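Computed from a predicted model, the values in this text were never measured in an experiment. All residue numbers in this chain count up from 1 along the given sequence.
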Amino acid sequence: MINTGDAKVINLKSMDNDKTQGQAYLSNTNNKTDRKLIVEAKDIETTKGNQVYQVWVLKDNKTYPAGAFSSENNKGMVVFDLSNIDIDKNDKIALTLEPSPNNTEPKGKMVMASSEI
C-alpha cells in the first residue's frame, strides 16, 4: 500500500465543471518496479450492470489502462501497479465511464482528468 503522506497528490477535475472530483496518489519511489497509483473518485454516478470506471494513463497521445472499479454511494477507488508504465510529469491521468470492463482503449465518456502528473 501507499502511505498517502509520502505520495504525490494529483487532482482530477470533472469534465462537466471545474471542480475537483477525485485524487490520484502516486507513490514517491525511485524504484520503478514498486510504483503504485491509487485513484479515488467522489460524486460520481453509481455504475449499473457491466459498467465500470476505468483509469487511464495518457502518455504521448496513447492510452494505457490502469485499473477499473465499480462505484457505490457515488464513490469508488482502485490501486494499480505502475511497474509496466514509465510515467513522467507530462503524462496525465484520466477516468472514463465504460460500458464494460477490461478495455484496452477508452470507449466510454471521459469523466475526469488531471492536467499533469
Side-chain angles (χ1 to χ4, degrees):
M1 261 330 246
I2 297 174
N3 178 347
T4 55
D6 294 331
K8 179 173 183 168
V9 178
I10 303 159
N11 287 325
L12 302 174
K13 302 252 182 197
S14 168
M15 303 313 292
D16 292 335
N17 56 44
D18 201 29
K19 75 175 189 173
T20 298
Q21 256 188 294
Q23 303 276 321
Y25 302 94
L26 180 62
S27 60
N28 284 332
T29 177
N30 293 328
N31 182 352
K32 291 181 182 179
T33 60
D34 257 355
R35 221 151 196 209
K36 303 275 189 268
L37 175 71
I38 293 176
V39 173
E40 181 180 31
K42 59 185 177 187
D43 299 327
I44 55 175
E45 291 179 33
T46 298
T47 50
K48 299 173 185 88
N50 286 332
Q51 284 182 325
V52 294
Y53 285 96
Q54 190 155 350
V55 178
W56 304 93
V57 173
L58 308 176
K59 180 178 189 59
D60 300 325
N61 295 321
K62 293 182 183 173
T63 55
Y64 298 89
F69 61 91
S70 352
S71 63
E72 287 187 31
N73 301 323
N74 300 329
K75 57 187 168 184
M77 174 188 251
V78 67
V79 178
F80 187 75
D81 178 2
L82 288 175
S83 59
N84 293 326
I85 304 173
D86 186 22
I87 59 171
D88 62 45
K89 66 178 181 141
N90 296 318
D91 300 335
K92 297 179 181 174
I93 304 286
L95 185 71
T96 58
L97 179 58
E98 298 292 333
S100 59
N102 304 317
N103 295 317
T104 56
E105 59 186 50
K107 296 178 182 172
K109 175 186 170 190
M110 188 179 298
V111 177
M112 62 182 83
S114 69
S115 57
E116 63 181 24
I117 291 184

Donor-acceptor pair, distance only, cut-off 3.5 Å: does the side chain of [X] make one with the backbone of [Y]?
X: Gln21; Y: Asp43; value: yes
X: Thr47; Y: Ser71; value: yes
X: Lys8; Y: Ile117; value: yes
X: Asp81; Y: Ser83; value: yes
X: Glu98; Y: Lys107; value: yes
X: Tyr53; Y: Glu45; value: yes

Quick one: closest heavy-atom pair of [X] and [Y], and the distance?
X: Asn50; Y: Pro101; value: O-CD, 3.4 Å
X: Lys89; Y: Glu116; value: O-CB, 3.3 Å
X: Leu12; Y: Met112; value: CB-SD, 3.6 Å
X: Lys59; Y: Ile87; value: NZ-CA, 4.2 Å

Going from [atom1] on [X] to [atom2] on [Y], what distance comes out if it is rounded to the nearest 0.5 angstrom?
X: Trp56; Y: Phe80; atom1: CH2; atom2: CZ; answer: 10.0 Å
X: Leu97; Y: Lys109; atom1: CG; atom2: NZ; answer: 8.0 Å
X: Lys42; Y: Lys75; atom1: NZ; atom2: NZ; answer: 10.5 Å
X: Ser114; Y: Lys13; atom1: OG; atom2: NZ; answer: 11.0 Å

Do [X] and [Y] come close enough that some side-chain heavy atom pair is under 4.5 Å?
X: Phe69; Y: Leu95; result: yes
X: Asp91; Y: Ile85; result: no
X: Thr46; Y: Asn74; result: yes
X: Val9; Y: Tyr25; result: yes
X: Gln54; Y: Pro65; result: yes

Does any donor atom in the side chain of Asp16 or Ser14 lie under 3.5 Å from an acceptor atom in the other side chain? no

Return yes when atom CG of Asn90 has more than 12 non-hydrogen atoms of other residues, nucleotides or ligands closer than 6.0 Å, and no otherwise. yes

With Ile93 as reference, evaluate Leu37, Leu26, Leu58, Asn11 under the side-chain contact (heavy atoms from CB on, under 4.5 Å) test and give the passing residue. Leu37

